[in-house]
Amino acid sequence: MDFPLDPSLSPHGVPPIDFRAQLNDEQYAAVTAEPGPLLVLAGAGSGKTRTLTYRVAYLLSQGVRPSEILLLTFTNKAAKEMLHRVHELTGVEPGRFWGGTFHSIGHRSLRMHGETIGLPRTFTIIDAEEAEGVLRDAVDAADRGFFKDKTHPRPGPLHEIISMARNTQLSLAETIQRFFPQHEGITDRVPAFARQYAAAKRAANVLDYDDLLEFWLELLQKSPETAAYFAHRFRHVLVDEYQDTNLLQSQIVDLIGSHHRVMAVGDDAQCIYTWRGANVENILTFPDRHPETRIYRIETNYRSTPQILALANGILLAQPKGRGFDKELRPHRANSEKPYFVQAMDGREQAQFIVQRLRGLMDEGCSLSDIAILYRAHFQALDLQLELSRLQIPYQITSGVRFFEQAHIRDLVALLRFVYNPSDTAAWNRIAVLLPKVGDKNAQKLHAAALDHARLLQQDFIDALATDDVVSKVPKDAREEWPKFVASLQQVKEMMRTMKPHNAVEIAIDGWYGDYLKGAYANYVSRLDDLKSMIGFASRYEEMQEMLAQIMLLASETSDRSVDPDADALRLTTVHQAKGLEYAVVFLIGLADGSFPLRRAIESGDVEEERRLFYVAVTRARDDLYLCFPKVNTKGGPAMLQSPSRFLQELPSDLYQPLRVKRSFGW
């Protein structure tokens, strides 16, 4: 043990802190642990941040210099909050520590030692938009026609593919297969693009965000002297949210912490970000990479009722053996009601139940802002948004914009509006500019040309778009795509004329716009799910005019009028965005197999991360938890019966209580 025996002898003037009085037994054991490899498994609501903060304060009280402590976090906000709290506890200024995100500490390290691996100190950092521009130019130089194919990823999604491969250290082929299967057709072309992109950055002496990690790791691997310097300087390495580290980050920690005085704090049960590179194996194998690791479990939960925690523990017990550390959340609070299991006929009845229950909760004194609706995917909240808007109940979406304000939904609606009414120039302009090199002015000229031609020959406007007179005015880069674009509009027009609105929506998604979507967004699959949910929405209407009118009215009613984030409004969010937050009441909706877990997760064998998501969702609730299961799915059109989520079915039924929804919504 290399601490002074008497905390009062601290050379930093740290005031005495009664750690024993301010921490519970579990926290105290972790905070005062002897130096060495320490894995702190901090369950949901157990005081993880408090433990880390007091660990820093404890090290200082034991004579460790601030400059000997490295604190790695995932957000600058988290680092600032912790070091500010340390300052309040000890009086030691935050600027005396190295504390911040992996990327910010990597940048600092490369400024000091980057020349060791041939990196000039004069390098500059480019932002995401600039990085996409460098990549676009590099690809254009190698393959001028690549971006002309709308099914190919645009510079943004292509950059995301390359970035994912770098952060996970997977090959580009495996990265595309696992995370971007819509682009398997270009697997053999991407490696060359990645090399050209790297060469372009070197020539310009610029680094992108991922370079800060890759070059930092390279520096530590290729320069043993530099690695030894950091290991000697930082006698104590503390890592927050360790379960969210990617392979690059865990290797950096292992090299700087080669002395094994590393405290990794996290919760394997809350690893839910593999889609952006997090690797749950990092925390599971930490004891293997750091011999004689001592594991400290912080399991006293100060947030939730015993009944909610019993259900959360049931989720963990259902994990396959050996796929996680054993842990059991223990309640600090008094007994209350069991979580409620609510069966609704479909998404609309689910929404009506929630609205009715909201009124009861408000009558009981609960504020709207302390109630959250959680869902696995954005489209699952469509019915609820419609109901809340209809009844003018204020709500905020913390996981993006409202359903009808999303870019891809607005694109689809604009396409439908234009086909229904070719005089709608606003709708035309929105979809026309999605074509290569077609700007607002080009779009206006093309519309005017088609209108003149249609009037002259008394021809249908959309058919006029295919005539030579109009095609001659199409920008050169868009001409190859133009026939497919027009053919798709004609197909939608025919569906509107002969079939129901949902048929027109389906053909619009399957046509040109679906191909455009594939190249435009890295998260194509989830956006396609959103679009498919519009088929179910459209099936409620007999006439396209009625459907479009309702959409525009809803979009107007639900537009976010710069609502004060602190206003008393209901919170709607995906489970991913809710991590780290808590609410008095949580409604977890869409708990059907295929919706949670998602169908694609089931098919690809990624159910364990979905289970961890379910655990995170459940542990957001303090007082009341409603588990909502709609028995019928109408997302893609015809109604289909669903079964409850497998995560519900594997739980003992005595962990929750059924709440019957009557048609009058009384209970």
Side-chain angles (χ1 to χ4, degrees), residues 303-305 307-308 311 336-376 378-399 402-404 537 540 550 553-561 563-575 577-578 581-592 596 617-618 620-632 634 656-667:
R303 175 186 301 156
S304 306
T305 65
Q307 286 70 25
I308 291 173
L311 191 139
S336 186
E337 292 288 333
K338 290 181 183 179
Y340 300 99
F341 174 56
V342 183
Q343 290 192 64
M345 182 57 66
D346 55 18
R348 280 189 280 186
E349 187 171 273
Q350 177 181 251
Q352 290 164 352
F353 159 76
I354 290 172
V355 165
Q356 187 73 10
R357 189 68 195 100
L358 286 176
R359 289 173 171 155
L361 290 166
M362 292 167 67
D363 289 343
E364 295 164 15
C366 188
S367 62
L368 275 176
S369 59
D370 214 6
I371 303 172
I373 315 296
L374 305 186
Y375 36 84
R376 177 62 184 87
H378 205 47
F379 69 84
Q380 293 167 359
L382 172 57
D383 284 310
L384 184 62
Q385 289 187 49
L386 298 177
E387 189 68 7
L388 293 170
S389 300
R390 185 178 71 84
L391 298 172
Q392 297 185 314
I393 296 174
Y395 68 94
Q396 294 177 353
I397 293 184
T398 59
S399 56
R402 301 182 180 213
F403 186 83
F404 288 110
F537 175 79
R540 302 172 188 177
Q550 284 300 311
L553 288 170
L554 286 165
S556 173
E557 291 170 5
T558 63
S559 61
D560 198 344
R561 301 178 181 87
V563 179
D564 180 353
D566 298 322
D568 188 27
L570 184 67
R571 268 45 177 182
L572 273 64
T573 179
T574 62
V575 180
Q577 291 294 324
L581 304 176
E582 60 180 72
Y583 301 91
V585 182
V586 166
F587 292 86
L588 183 52
I589 66 173
L591 282 174
F596 201 156
V618 163
R620 298 311 94 199
R622 294 199 302 267
D623 303 326
D624 292 309
L625 173 64
Y626 294 84
L627 306 167
C628 303
F629 161 58
K631 292 188 284 188
V632 174
T634 58
Y656 52 81
Q657 55 184 318
L659 187 59
R660 295 195 179 280
V661 178
K662 298 178 182 178
R663 298 290 81 83
S664 60
F665 303 105
W667 49 88

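Quick caveat, the model's predicted, so the values are computed rather than measured. Only this structure's heavy atoms are used, side chains among them; waters, hydrogens and symmetry mates stay out.
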For F404 and F537, I'd like to know if the aromatic rings sit close, meaning centre-to-centre distance below 6.0 Å.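 Yes, close enough.
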Short side-chain to backbone donor-acceptor contact, [X] and [Y], under 3.5 Å:
X: Q307; Y: S336; result: yes
X: D346; Y: P630; result: no
X: Q577; Y: T573; result: no
X: Q385; Y: R402; result: no
X: D624; Y: V585; result: no

First locate atom [atom1] of [X], then atom [atom2] of [Y], and finally report the distance between them rounded to the nearest 0.5 Å.
X: R303; Y: Y583; atom1: CZ; atom2: OH; result: 10.5 Å
X: I393; Y: L368; atom1: CD1; atom2: CG; result: 7.5 Å
X: L572; Y: I371; atom1: CG; atom2: CD1; result: 11.0 Å
X: L358; Y: L391; atom1: CG; atom2: CG; result: 10.0 Å

Checking side chain to side chain contact (heavy atoms under 4.5 Å, CB included) against K631, which of Q343, Q350, E349 comes through?
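Filter result, single survivor: Q343.
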Discussion item. Which residues pass the salt bridge (Lys or Arg N to Asp or Glu O under 4.0 Å) test with R620, not counting sequence neighbours?
Written reply: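 By the salt bridge (Lys or Arg N to Asp or Glu O under 4.0 Å) rule, R620 matches no residue at all.
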**Message:** Taking salt bridge (Lys or Arg N to Asp or Glu O under 4.0 Å) as the definition, give me every residue that meets it alongside D623, ordered by chain and number, with sequence neighbours left out.
**Reply:**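 Salt bridge (Lys or Arg N to Asp or Glu O under 4.0 Å) list for D623, sorted by chain: R333.
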Please examine the side chains of Y395 and I373, heavy atoms only from C-beta on, and report whether any two atoms are closer than 4.5 Å.
->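 No, too far: nothing below the 4.5 Å cut-off.
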Q. Which is it for I397 and H378 under the side chain to side chain contact (heavy atoms under 4.5 Å, CB included) test, yes or no, and what are the steps along the way?
A. CA-CA 10 Å; I397 293 184; H378 205 47; 3.8 Å; yes
Tell me which pairs pass salt bridge (charged side-chain N to carboxylate O under 4.0 Å, His left out) where either residue lies in residues 359-376, with sequence neighbours left out.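 Residue pairs passing salt bridge (charged side-chain N to carboxylate O under 4.0 Å, His left out), neighbours aside: R357-E364, D370-R622, R376-E610.
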For this session: Only one of Y626, F629, Y375 passes ring-ring contact (aromatic ring centres under 6.0 Å, His included) with F587; say which it is.
Result: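 Testing each of Y626, F629, Y375 against F587, the sole residue satisfying ring-ring contact (aromatic ring centres under 6.0 Å, His included) is Y626.
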